[in-house]
Amino acid sequence: MDAILWVFVAFGFLAAFNAGNMITLQIQHYGIYPSVGREHFVGYIRANNAAAVVPTIVPALLLLVSSAILVGHRPHFMSLWQALAALALNLAQLASTAIWQRRLQAEMAETGYDDAKVRLLVSTNWIRSIAFLGQALLATAIVARVLARVAAG
């Protein structure tokens, strides 16, 4: 396999991984914030923020890199608009992270649990969740189209 095909394989894997990871965070993890308890919340969110590097931050950054590479160098079965859409979705989730999620989590790691901040975190995190899901659906659609062509001969 040539290098650019490996970049697409990495993109597809990371798109699916990040979508599953973000939906888990959205539905399960953020949903239990109120149950942690105000007295334990600062320690919990600090531990969460530190633990997020390998399973969440690194794969998201790798997805961004693979998306950017695919804009300039794509396999023949991926169109420019698909590569641009993947990158745009990645930039949308990155912007959401920078504008809301990272700031809110950092603030609560210092000040503790805050109902309004948790509501804002959960509601704005849907931007990231939808962007990652969009990338996973895009990658799946591309692979499905390739497989259909192969099956048709």
Side-chain angles (χ1 to χ4, degrees), residues 1-75 78 80 82-144:
M1 258 195 300
D2 66 359
I4 205 58
L5 189 54
W6 280 112
V7 173
F8 179 81
V9 168
F11 163 75
F13 171 78
L14 290 165
F17 178 87
N18 281 301
N21 192 21
M22 191 53 58
I23 291 299
T24 300
L25 287 173
Q26 180 69 19
I27 294 171
Q28 179 186 1
H29 175 67
Y30 291 156
I32 64 170
Y33 274 16
S35 302
V36 172
R38 291 182 187 277
E39 67 278 2
H40 302 291
F41 190 78
V42 167
Y44 174 81
I45 199 155
R46 284 181 181 169
N48 170 74
N49 291 349
V53 173
V54 172
T56 305
I57 297 168
V58 170
L61 291 174
L62 290 173
L63 180 59
L64 175 62
V65 169
S66 65
S67 297
I69 291 170
L70 288 170
V71 169
H73 306 282
R74 301 173 302 291
M78 184 180 200
L80 177 59
Q82 290 169 326
L84 289 170
L87 182 60
L89 288 166
N90 223 302
L91 293 174
Q93 77 76 20
L94 185 63
S96 178
T97 300
I99 294 167
W100 291 295
Q101 288 81 42
R102 190 67 217 126
R103 178 182 56 83
L104 291 166
Q105 289 174 347
E107 287 175 8
M108 288 189 292
E110 295 302 317
T111 63
Y113 183 87
D114 181 295
D115 283 322
K117 287 180 182 175
V118 169
R119 280 192 305 276
L120 183 59
L121 178 69
V122 170
S123 66
T124 59
N125 195 64
W126 280 109
I127 297 166
R128 291 194 310 183
S129 298
I130 291 166
F132 280 132
L133 278 172
Q135 282 185 306
L137 290 172
L138 177 63
T140 301
I142 293 168
V143 170

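Side-chain atoms are counted along with the backbone in the values below, which use heavy atoms only and exclude waters and symmetry mates.
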First locate atom CZ of F11, then atom CG of L5, and finally report the distance between them rounded to the nearest 0.5 Å.
13.0 Å

Run through L14, N18, L87 and flag the one making a side chain to side chain contact (heavy atoms under 4.5 Å, CB included) with L64.
L87

Quick one, I142 and Q82 - any side-chain contact, counting heavy atoms below 4.5 Å?
yes

Are any side-chain N or O atoms of Q101 and backbone N or O atoms of T124, one a donor and one an acceptor, separated by less than 3.5 Å?
yes

For a 4.5 angstrom cut-off between non-hydrogen side-chain atoms, does V65 reach V7?
no

Is there side-chain contact between V122 and Q26, with at least one heavy-atom pair below 4.5 Å?
yes

From L138 CG over to S67 OG, what is the distance, rounded to the nearest 0.5 angstrom?
9.0 Å

Please name the pair of heavy atoms, one in V42 and one in T111, separated by the smallest distance, quoted to 0.1 Å.
CG2-C, 4.4 Å

So, for A19 and A136, which heavy atoms are closest and what is the spacing to 0.1 Å?
CB-CB, 3.8 Å

Is it true that atom CD of E39 has more than 12 heavy atoms of other residues, nucleotides or ligands lying nearer than 6.0 Å?
yes

Let me confirm one number: the CG-CG distance from L70 to L80, rounded to the nearest 0.5 Å.
11.0 Å

S96 side-chain N/O to A92 backbone N/O, donor-acceptor pair under 3.5 Å:
no

Do you know which two heavy atoms are closest between N49 and A109, and how far apart they sit?
ND2-CB, 4.0 Å

For the residue pair L121 and M108, what are the closest heavy atoms and their distance?
CD2-CE, 4.1 Å

Nearest heavy-atom contact between Q135 and N90 is NE2-ND2, 3.0 Å

N21 side chain vs F17 backbone, donor-acceptor pair below 3.5 Å:
no

Where the side chain of R102 meets the backbone of T97, is there a donor-acceptor pair that is under 3.5 Å apart?
no

What one should report as the nearest heavy-atom pair of A83 and R74 is CB-CD, 3.6 Å

I need the full list of ring pair (Phe, Tyr, Trp, His ring centres under 6.0 Å) pairs touching residues 91-110, with sequence neighbours left out, sorted by first then second residue.
none

Between CD1 of I32 and CD1 of I27, what distance do you get to the nearest 0.5 Å?
13.5 Å

Mind checking the CZ-CD spacing from R46 to E110? Nearest 0.5 Å is all I need.
5.0 Å

Rounded at 0.5 Å granularity, tell me how far CE in M22 sits from CZ in R128.
4.0 Å

Please check: side-chain N/O of Q93 versus main-chain N/O of I127, any donor-acceptor pairing under 3.5 Å?
no

Give a yes or no on whether the backbone of L120 and the side-chain of S123 come within a donor-acceptor separation of less than 3.5 Å.
yes

By ring-ring contact (aromatic ring centres under 6.0 Å, His included), H29 pairs with (sequence neighbours left out) Y33, Y44

